Number of protein chains: 4
Amino acid sequence: MSPRADALRNRARVLAAADEVFVEHGSTASTEEVARRAGVGVGTVFRHFPTKEALRDAVYAERLRRVGEEASRLADNTDAGAAFHEFFELLAGTSGPNQALTEALAASATDDQDVRGSLGVLLDRAQRAGAVRSDVGVDEVIALLIGATQATTWTADVSLRGRTLNIILDGLRPH
Amino acid sequence: MSPRADALRNRARVLAAADEVFVEHGSTASTEEVARRAGVGVGTVFRHFPTKEALRDAVYAERLRRVGEEASRLADNTDAGAAFHEFFELLAGTSGPNQALTEALAASATDDQDVRGSLGVLLDRAQRAGAVRSDVGVDEVIALLIGATQATTWTADVSLRGRTLNIILDGLRPH
Amino acid sequence: MSPRADALRNRARVLAAADEVFVEHGSTASTEEVARRAGVGVGTVFRHFPTKEALRDAVYAERLRRVGEEASRLADNTDAGAAFHEFFELLAGTSGPNQALTEALAASATDDQDVRGSLGVLLDRAQRAGAVRSDVGVDEVIALLIGATQATTWTADVSLRGRTLNIILDGLRPH
Amino acid sequence: MSPRADALRNRARVLAAADEVFVEHGSTASTEEVARRAGVGVGTVFRHFPTKEALRDAVYAERLRRVGEEASRLADNTDAGAAFHEFFELLAGTSGPNQALTEALAASATDDQDVRGSLGVLLDRAQRAGAVRSDVGVDEVIALLIGATQATTWTADVSLRGRTLNIILDGLRPH
DNA sequence: AATGAATGAGGTTTCATTCAT
DNA sequence: GATGAATGAAACCTCATTCAT
C-alpha cells in the first residue's frame, strides 16, 4: 500500500547487488554494473545513494552489521574458546565469500560501537575461559582479523589457509 | 652515451617513479603522473611498459627483488632468530614505506624462485636456531608477512602495530 | 473544498514557487527544486505544466500580467511623466527582484495585447504631457526596458545603475 | 617542425568552434558539440581548457580582445564622434553576430584593463569633440553597450533596432 | 627513441519525464 | 489528483593508449 515498500525493497536490492559486485570486482566497479546487477536504472542507485562513496559506505556498514550479528550469535555458544575460534574461521578462514565482511572492518575507521561491543563480549568470554591471552584488546583482535583475512586470501590452497590461521590463533593463546 | 644506455636509464627512472607514485596514490594513479615524476613523456612510459598492467607487474617484480635482497642481507646476521624477526618488522612493522614491498608478495603469484630461496634460507636458519617452530614453511611465512602488513596498515597507532606484530611472531615460536 | 479548488490552488503555488526559484537560480533550476519550494511532488508540477518549457512560459506569462498591472496602476497617477519614469525605475532600476518582470518581456515575443495596451496608455499619457518624445512607440519602450534592465544588472554599483538609467531616460525626452 | 604548431592550431580551432557554438546555442551548449564542430575529440577540448568554465572564460577573453581591437582601430578615425557611434553600432547595432562581443563584456567582471583603456580613448576623444556628454565614464559606456545589445537582440526588426539604438545614443549626447 | 597532443570509451552525476501506488 | 520512485539520456571529465612529429 505504501510506496515506501517498493522503495525499500529496491534499496535493499541495490545494496545486495553492490555487495556482490564489490566482492567480484572490488569497490572500483562501475555504478552501471551495480545497477545492471540490481535490475534497476543508474538513476535509482543514485537516488538511494547520492554518491559512489555513499554506496560503498553503505555496503561496508551493512557488512559490519553482519559481522556484529555473527559475533552476537556465537557469543551464545557455551564453549567461549570455540566460539572465538569459529568466529575467526568464519571471517578469515576457508570459507571464501565471508571475507568481504572483514574488508568492511578494514575500510571503516571502525569506531562502530555495536561491532566493538559484540566483539568485546566474544573476546571477554574467551579470555575468562582461558582460551585467549589476557593482554589483548578488541583493537588487536580487529587488526588480526584483517591480517588473517589477507593472509588467507593470498592463496587458494585451503590447507595452507588453515595452517596460517592456526599460527595466528596460536599467537593469541595464553603464554 | 650509447643509445641503449639512455634507454636503460629511462626505464629505471620510470620504474622508480612508478614505485613512488604507487606507494603514494595506489596503483590507480595515472600514467601521466608517473611520467611527470620520472621526468619523461607518457610515450616513453608506454614504450618501456606497453600496458599499465605491465608497468605494475614490473614494479612488483622489482619490489620482490628487493625483498629477496633484504632477506639475503639479513641471512648473514649471526643471530638467526633476530634476523628473522627483523625481517618481519622491516616489511610489516612500524616503518611505513617498506610495507610496499609486501604488497608485491601479495599481488604476485610468488612463484619467484629467488625470493622463495632467500626467504627459505632465512627461515631455515631461524628454525635451526630454535627461534621459529619447525612445522612452518616458506608459504606460511609469506602469508603471514602479508597478513601482518595488512594488520598493521589498518591502524596509525604505532604501539598497537607493535603489539599486533608480536602476537603473530609469538604464533611462529616453537610450541 | 471541491477538488477543482485544490487543483487551482496547487497550480498557483507551483507557479509562485517557480517564479521564486527562477529568480534565485535562473530557469535552469531543477523541477524538483520547484516542487520542493511549492510543497508538492514533482508529479504535481508536471500535471499542471506538462513540460519544463510550459512551466517557464507560464511563469513568464504571469510576470507579464504583473507588468501590465503595474503599468495600469501607474497610469492613474496624475503626473504622467513621473509615472512613466517610475515605471522604468521599478522594472529596470535599483530595486532587484522586480527585474524579473522585464525578463518576461525579453523572453516572450510579447504579442501579448494586454501588456502592449497598458504600456501604450502609460506611454501615450507621458507623450501628451510632453515628458517623452513623440517619435517612439511601445516597441521602442519595450526594447529599452529590456536594455535598461540588462545594463543595470551588469553592475552591483547602485549609483552607476542610476546614472545609466538616467542616460536612457534622457534619450527618451523630447529633443 | 615543432609539435606546438599543431597544438596551437587546434587550440585556436577549438576556441573558434566554441565561439560559434556559444553564439548559436548559448554557453550551456555541450562540450561534445564544441568538439564536433572543431573536428576534434572531447579529450582535446579538455586538454586545452581543463574545465567547461575555463573554455567559456577563454572564449569571452578572446571576444574582449576583439572588442579592444575594434575600439583601437576606430580611435584612429578623424571624426571622433562618428567613431564612437560606429563602435556602438558595430557591437550593438544591426549587425548580428558581433553582439557576441558584448556578451563578453557582460559576463566578465571587465576589470580587463586593455579593453577599458581602448574604450577610454575612444570615449575621451568623442567627449573632447563635443559628441558625447562629459559626465559619463567608461563604466556607463559599458553598461549602455550591454543594454543596447540586449535591447536590439530582442527584436528581429532591423529598423526598430536602429531607432532603439539612436535613443540611447541621444541620451549620451551633451545636454 | 622520445615526446606529448589526440583520441574516445567509460565513469560519475543530474534531471526532465513517466508511471505504479 | 497527488505522490515520489524509477528511468535513461546526456553532461562533464579522466585516462589508457596511439601516433605524428
Side-chain angles (χ1 to χ4, degrees), chain A residues 1-11 14 28-35 38-55, chain B residues 3-4 6-7 10-11 14 28-36 39-55, chain C residues 3-4 6-7 10-11 28-36 39-55, chain D residues 1-11 14 28-35 38-53 55:
Chain A
M1 183 165 291
S2 79
R4 290 249 168 75
D6 258 35
L8 281 181
R9 185 148 52 95
N10 260 345
R11 201 195 122 98
V14 168
T28 62
S30 83
T31 308
E32 302 257 8
E33 173 69 21
V34 171
V40 302
V42 235
T44 302
V45 177
F46 279 95
R47 161 170 285 269
H48 289 292
F49 308 97
T51 292
K52 182 95 196 287
E53 200 190 5
L55 176 59
Chain B
R4 192 162 297 168
D6 260 32
N10 264 346
R11 203 195 120 99
V14 167
T28 63
S30 78
T31 309
E32 204 95 36
E33 172 71 18
V34 171
R36 191 159 35 238
V40 301
V42 239
T44 302
V45 177
F46 276 92
R47 167 164 293 273
H48 289 294
F49 308 96
T51 293
K52 183 101 194 278
E53 202 190 3
L55 176 60
Chain C
R4 191 163 297 169
D6 259 32
N10 264 346
R11 202 194 121 96
T28 62
S30 77
T31 310
E32 205 96 34
E33 173 72 18
V34 171
R36 192 160 34 238
V40 302
V42 238
T44 302
V45 176
F46 277 91
R47 167 164 294 273
H48 289 294
F49 308 96
T51 292
K52 182 100 194 277
E53 202 190 3
L55 175 59
Chain D
M1 182 164 292
S2 80
R4 289 249 168 72
D6 257 36
L8 281 181
R9 185 149 51 95
N10 260 344
R11 201 195 123 99
V14 168
T28 63
S30 82
T31 308
E32 302 259 6
E33 173 69 19
V34 171
V40 301
V42 234
T44 301
V45 177
F46 280 96
R47 162 170 284 270
H48 289 293
F49 308 96
T51 294
K52 182 94 196 286
E53 200 190 6
L55 176 59

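Keep in mind that what you see is a predicted model, and the values were worked out from it rather than measured. Naming: A, B, ... by sequence-line order, numbering from 1 per chain.
- Minimum atom distance to the side chain of C:Thr51 is reached by E:dT17, of the listed E:dT17, F:dG8, F:dT21.
- In this structure, the CZ atom of D:Arg9 is 12 Å from the C1' atom of F:dA20, given to the nearest Å.
- Atom CG in D:Asp6 sits about 15 Å away from atom C1' in E:dT7, given to the nearest Å.
- For A:Ala7, the side-chain atoms get nearest to F:dA5 when compared with the rest of E:dT14, F:dA5, F:dC12.
- Here OG1 of D:Thr28 is found 11.0 Å from CD of D:Glu33. Values are rounded to the nearest 0.5 Å.
- For B:Arg11 and E:dA2, the CZ to P distance is 12 Å, given to the nearest whole Å.
- Toward the 5′ end of DNA chain F lies the nearest nucleotide of D:Thr28, the other residue of the pair B:Gly43 and D:Thr28 mapping further downstream.
- Rounded to whole Å, the distance from CD on C:Glu33 to C1' on E:dT14 is 14 Å.
- For B:Val42, counting side-chain heavy atoms from C-beta on, the closest listed nucleotide (F:dG8, E:dG4, F:dA5) is E:dG4.
- Remark: C1' of E:dT18 and CZ of A:Arg47 are 13 Å apart, rounded to the nearest angstrom.
- Listed pair D:Ser30 / F:dA10 fails the phosphate criterion, with no side-chain N or O lying under 4.0 Å from OP1 or OP2.
- Dashed line: the shortest gap from a side-chain N or O of C:Thr31 to OP1 or OP2 of E:dA16 is under 4.0 Å.
- Closest to the C:His48 side chain, of the nucleotides E:dA5, F:dA2, F:dA16, is F:dA2.
- For F:dT3, the paired nucleotide is E:dA20, the pair qualifying as Watson-Crick or G-U wobble because both relevant distances are below 3.5 Å.
- The nearest pair of heavy atoms linking D:Val14 to D:Ala38 is CA-CB, 4.0 Å.
- In this structure, D:Glu32 atom CD and F:dT14 atom P are separated by 14 Å, rounded to whole Å.
- Mapping B:Gly39 and D:Val45 onto DNA chain E by nearest heavy atom places B:Gly39 at the nucleotide closer to the 5' end.
- Smallest separation of non-hydrogen atoms from C:Phe46 and C:Thr31: CE1-CG2, 3.4 Å.
- Atom-to-atom, CG of D:Leu8 to C1' of E:dA5 comes out at 11 Å; the value is rounded to the nearest Å.
- Contact between the side-chain N/O atoms of D:Thr44 and the OP1/OP2 oxygens of E:dA5 is not found at any separation under 4.0 Å.
- Rounded to the nearest 0.5 Å, atoms CZ (B:Arg47) and OG1 (B:Thr44) are 8.0 Å apart.
- The CG atom of C:Asn10 sits 5.0 Å away from atom NE2 of C:His48, with the distance rounded to the nearest 0.5 Å.
- Within 4.0 Å of A:Val40, counting heavy atoms only, lie sugar-phosphate atoms of the nucleic acid but no base atom.
- Nearer the 5' end of DNA chain F, as judged by each residue's closest nucleotide, is the contact made by A:Asn10, out of D:Lys52 and A:Asn10.
- Take the nearest nucleotide of DNA chain E for A:Pro50 and for D:Gly41: the residue whose nucleotide is more 5' is D:Gly41.
- A straight line from CZ of D:Phe46 to P of F:dT14 spans 8 Å, rounded to a whole angstrom.
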